[in-house]
Amino acid sequence: MRVLIIEDDEKLCESLSFQLEKEKINVDVCHDGEDGLHFIREQAHDVILLDRMIPLIDGLRVLGTMRAEHINTPVILVTALGELNDRITGLDCGADDYIVKPFAFQELMARIRSICRRPRTWESSSQLTFGDILYDAASNQLFRSGNCICTLSKREGTLLELFLRNPGQILPRNTILTKVWGPDAGVEDGNLDNYIHFIRRRLKQAGSTLSLKTVRGVGYCLEEGDV
């Protein structure tokens, strides 16, 4: 599991990072809303711990921006604002949970576990469609016009699934490497380039109009286009 902490209290960040890492959780930390959005857009985290009162861009604006960009990473608001209206506002802005400072670390862990047990509707189906293709993640089979075109390798399938769950979004290279190979895998960039080539070849084999475009210096984006 990988957790992002967006919090301007550096001592609290140090304490939470230490405790989370003892639970075998990978942690990234930033201290303002601008850096927070940069991390969030990488979509490399399983849970985000977001303070409401942070510099540059406040927590609610960060939350509203990520939801407007269809980034569905679960968010727990961590804040000193504990009145009923504050909680309602946070949840209505798209938070998945709300915890008020000061809090016990055991309670935070329970809330993280609870969120991770929830099914995500955007991940619930094994059959994914975009444009003119359908990919069955359960069987690793790629279909077009109702016909099975080919069966993908496990790695190819995981990579294609990631793009199909985020159609039209630019996925940074680091995000892809983390999601497909894992946060601790020592994967060379050339390995990713090879698998991007494999996916493009599969789409061409299917005669698909989809295009896996390179966004120079950033990553890749699966888009609809001309054959």
Side-chain angles (χ1 to χ4, degrees), residues 1-21 23 25-118 120-123 165-176 178-179 183 215 217-219 221:
M1 180 187 296
R2 191 172 182 183
V3 169
L4 171 63
I5 302 173
I6 309 175
E7 165 66 66
D8 63 340
D9 184 335
E10 295 188 16
K11 288 186 177 180
L12 178 58
C13 288
E14 290 177 7
S15 174
L16 284 178
S17 296
F18 176 75
Q19 291 173 296
L20 288 167
E21 287 168 355
E23 300 291 329
I25 294 173
N26 296 301
V27 180
D28 292 306
V29 175
C30 59
H31 304 299
D32 63 66
E34 284 189 357
D35 283 347
L37 279 174
H38 171 76
F39 276 100
I40 287 168
R41 286 171 175 143
E42 290 186 350
Q43 299 190 59
H45 301 89
D46 299 289
V47 178
I48 297 168
L49 306 181
L50 173 63
D51 184 18
R52 275 189 61 167
M53 295 182 290
I54 48 177
L56 302 184
I57 305 175
D58 68 73
L60 291 186
R61 286 177 59 201
V62 169
L63 182 57
T65 299
M66 65 179 286
R67 296 307 188 218
E69 294 178 7
H70 307 291
I71 299 173
N72 298 303
T73 309
V75 172
I76 300 176
L77 281 177
V78 182
T79 178
L81 301 175
E83 297 297 324
L84 177 61
N85 286 340
D86 295 321
R87 298 184 188 209
I88 291 172
T89 298
L91 294 170
D92 283 345
C93 284
D96 296 87
D97 204 347
Y98 202 111
I99 191 167
V100 179
K101 302 174 185 177
F103 54 86
F105 179 72
Q106 293 87 345
E107 179 184 359
L108 176 63
M109 281 303 304
R111 290 175 184 269
I112 290 174
R113 289 192 297 269
S114 175
I115 280 180
C116 291
R117 286 195 299 267
R118 297 175 190 172
R120 303 185 199 175
T121 55
W122 55 281
E123 290 183 344
R165 292 196 187 280
N166 300 276
Q169 294 189 39
I170 299 171
L171 298 181
R173 293 178 67 91
N174 286 342
T175 298
I176 298 170
T178 298
K179 292 288 188 181
V215 182
V218 182
C221 179

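For the numbers below, each heavy atom of this structure counts, side chains included, while hydrogens, waters and symmetry mates do not.
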Distance in Å, [X] [atom1] paired with [Y] [atom2], rounded so as to fall on 0.5 Å steps:
{"X": "Asp8", "Y": "Cys13", "atom1": "CG", "atom2": "SG", "answer": "8.0 Å"}
{"X": "Glu14", "Y": "Glu10", "atom1": "CD", "atom2": "CD", "answer": "7.0 Å"}
{"X": "Ile25", "Y": "His45", "atom1": "CD1", "atom2": "NE2", "answer": "12.0 Å"}
{"X": "Ile54", "Y": "Asp9", "atom1": "CD1", "atom2": "CG", "answer": "12.5 Å"}

Side chain of [X], backbone of [Y]: donor and acceptor closer than 3.5 Å?
{"X": "Arg111", "Y": "Tyr98", "value": "yes"}
{"X": "Arg52", "Y": "Thr79", "value": "no"}
{"X": "Thr178", "Y": "Asn174", "value": "yes"}
{"X": "Asp51", "Y": "Ile6", "value": "no"}
{"X": "Glu69", "Y": "Ile71", "value": "no"}
{"X": "Ser15", "Y": "Lys11", "value": "no"}

(request) For atom CZ of Phe105, decide whether the heavy atoms of other residues, nucleotides or ligands shown that lie under 6.0 angstrom number more than 12. (result) yes
(request) Evaluate whether atom CD1 of Ile57 has more than 12 neighbouring non-hydrogen atoms of other residues, nucleotides or ligands under 6.0 angstrom away. (result)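 Above 12, so yes.
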(message) Name the residue from Asp96, Val47, Leu50 that meets the side-chain contact (heavy atoms from CB on, under 4.5 Å) definition with Ile76.
(response) Val47
(request) Check Leu49, Leu12, Ile48 against Ile5 for a side-chain contact (heavy atoms from CB on, under 4.5 Å) and give me the one that passes. (result) Leu49
State, yes or no, whether a side-chain contact exists between [X] and [Y] at a heavy-atom distance under 4.5 Å.
{"X": "Val29", "Y": "Ser17", "answer": "yes"}
{"X": "Ile112", "Y": "Asp97", "answer": "no"}
{"X": "Leu63", "Y": "Met66", "answer": "yes"}
{"X": "Lys179", "Y": "Arg165", "answer": "no"}
{"X": "Thr65", "Y": "Ile40", "answer": "no"}

(request) Decide, yes or no, whether a salt bridge links Glu23 with Arg113 under the criterion of side-chain N to carboxylate O below 4.0 Å. (result) no
(request) Please report the shortest heavy-atom distance between Ile115 and Pro74, naming the atom on each side. (result)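 What the structure gives for the nearest pair is CG2-CB, 3.3 Å.
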